[in-house]
2 protein chains.
Amino acid sequence: MTKKLGPRERILETASRLFHSQGYNNTGINQILAEANVAKASLYQHFGSKDDLGVIYLKQGREEWFAGIEQWTGSKKAPGQKLSACFDFLEYALQKDNYLGCKFINMLSEIGSSSPLMSKEIIEHKGKLRQYMKGFVEKALEGNGDLDIDFVGDSIYLLYEGAIIESKIYRDTWPVKKARKMAEMLLKRV
Amino acid sequence: MTKKLGPRERILETASRLFHSQGYNNTGINQILAEANVAKASLYQHFGSKDDLGVIYLKQGREEWFAGIEQWTGSKKAPGQKLSACFDFLEYALQKDNYLGCKFINMLSEIGSSSPLMSKEIIEHKGKLRQYMKGFVEKALEGNGDLDIDFVGDSIYLLYEGAIIESKIYRDTWPVKKARKMAEMLLKRV
DNA sequence: AATTTTATAGACAGACTTGTCTATTTAAAA
DNA sequence: TTTTAAATAGACAAGTCTGTCTATAAAATT
């Protein structure tokens with residue numbers, strides 16, 4: 001029943017899996033080609049270079065991430081519930097991928113400053129996520145006059161990011177659970 | 001006036017600089033040897049392999065980190081002040097290294113599960129840091145009977161780790177400043 | 001002063017890397 | 001059916017990587 005995927009899709013699917021699980025630098029073009037059953041010329045036809053493939057990998061990762069988080073927040077009505085759903089989605093996603101951590105943070109550690117295109121993609125993704133979460137915090141706290149909503153929003157964002165990296169280190173969900181609980185506390189009792 | 005360093009020290013110093021700034025996988029043995037002015041045989045005499053060198057690099061990084069943080073917290077008396085000093089040290093350290101991020105998190109992203117020895121070192125370092133900060137939180141909050149001190153301690157730890165990674169992404173100190181402020185709020189008004 | 005340890009320089013093996021190129025085959029469009 | 005486009009297989013270049021080895025020179029020790 002699965003539609004037959006073209007070479008481009010097979011490359012992207014395989015690269016995504018390998019980049020995430022083994023790392024970008026530890027994954028050679030040849031391994032991608034072998035596991036995707038694609039000829040080398042096809043890869044360089046569809047993607048100009050490994051660096052370009054990395055950029056597309058990140059672009060696709062961003063789309064999937066926001067599609068996923070939208071799915072989890074979409075079913076909630078109150079902004080506070082939507083924010084909690086962000087943490088629930090995170091817990092689900094990290095567990096599903098066996099605690100491989102964040103594609104974007106992992107890549108940033110690997111490339112350093114050697115790929116401006118990938119760096120740009122990573123920074124944009126995180127900036128978008130930051131705004132996304134702050135949007136819920138603003139709605140949840142609107143009316144609370146003198147409160148520094150920006151400060152609370154960024155604190156929750158930092159808890160979220162901290163939870164991502166610590167879940168990878170400890171291979172456990174406790175960081176997400178605790179970050180979520182603290183985020184809820186900050187919304188309610190500030 | 002600087003003491004002449006032996007080959008072992010020169011290797012470690014150079015490797016530390018290059019691993020941190022370029023990444024582990026992007027730094028070849030030969031580059032380390034060239035910049036440290038050391039013969040290849042000397043490297044394999046003092047360190048058995050590149051992996052071993054990585055482990056020693058992390059061990060030394062841990063020692064330097066805790067020596068540094070001790071220096072900043074040591075001059076403070078109240079546990080709340082000591083905790084704030086942890087954030088001040090972080091801000092100083094990240095700026096000093098031009099926002100290269102955390103040696104341990106960077107390495108973890110690079111090696112994946114390919115080096116159990118390095119993984120162990122990284123997990124131990126972070127576990128020790130977690131306990132170190134929780135110690136201050138416990139002392140600062142002792143007496144506050146029913147309060148879940150463990151929960152507050154881990155929340156502050158997550159803010160700290162989030163600040164590390166976000167400072168790297170945005171190349172700015174705002175994550176540390178905001179995390180510090182939130183940590184202080186949690187200690188005072190919880 | 002003679003001997004042992006330590007460091008140096010660099011060739012070399014073997015395997016890996018990205019990217020290019022040729023030649024052939026399959027698939028789609030005219 | 002003929003023609004045009006897309007995919008395949010794989011050799012190849014030029015470079016990288018870690019790690020081993022030999023031979024020589026400098027230091028430290030006896």
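Because only heavy atoms are used, hydrogens play no part in the values below, and waters and symmetry mates are left out as well, while side chains stay in. Small disclaimer: the values here were computed from a predicted structure and weren't measured. Throughout, a chain's letter reflects where its sequence line sits, starting with A, and its residues are numbered from 1.
Phe136(B) and Tyr132(B) have perpendicular rings, their planes meeting at more than 60° on a 0 to 90° scale where under 30° would count as parallel. Between Trp65(B) and Tyr160(B), the two ring planes are perpendicular [angle over 60°; tilted spans 30° to 60°].
Pairs of residues two or more places apart, or lying in two chains, that qualify as ring-ring contact (aromatic ring centres under 6.0 Å, His included) and include a residue from residues 15-45 of chain B are Phe19(B)-Tyr24(B), Phe19(B)-Tyr57(B).
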Report the C-alpha distance between Lys139(A) and Ile149(A) in whole Å, list the side-chain angles of each, state the deciding distance to 0.1 Å, and finish with yes or no for side-chain contact (heavy atoms from CB on, under 4.5 Å).
CA-CA 10 Å; Lys139(A) 273 180 197 142; Ile149(A) 293 179; over 6 Å; no
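Lys168(B) is listed as a side-chain neighbour of Asn106(B), based on a closest heavy-atom distance under 4.5 Å.
Minimum heavy-atom separation, Ser16(A) to Lys103(A): OG-NZ, 3.4 Å.
Residue-level contact check: Arg10(B) touches the backbone only, with heavy atoms under 4.0 Å from sugar-phosphate atoms and none from bases.
Looking at DNA chain D, the stems built from 3 or more consecutive Watson-Crick or G-U wobble pairs, each pair with its key distances under 3.5 Å, are C:1-30 with D:1-30.
Residue His46(B) has a polar side-chain atom (N or O) positioned under 4.0 Å from OP1 or OP2 of dA7(C).
Rounded to whole Å, atom P of dG10(C) lies 17 Å from atom CG of Leu43(B).
To the nearest 0.5 Å, atoms CD1 (Ile11(A)) and OG (Ser42(A)) are separated by 6.0 Å.
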Reading 5' to 3' through nucleotides 17-27 of chain C, protein heavy-atom contacts under 4.0 Å coded B for base, S for sugar-phosphate only, - for none
SBBBB------
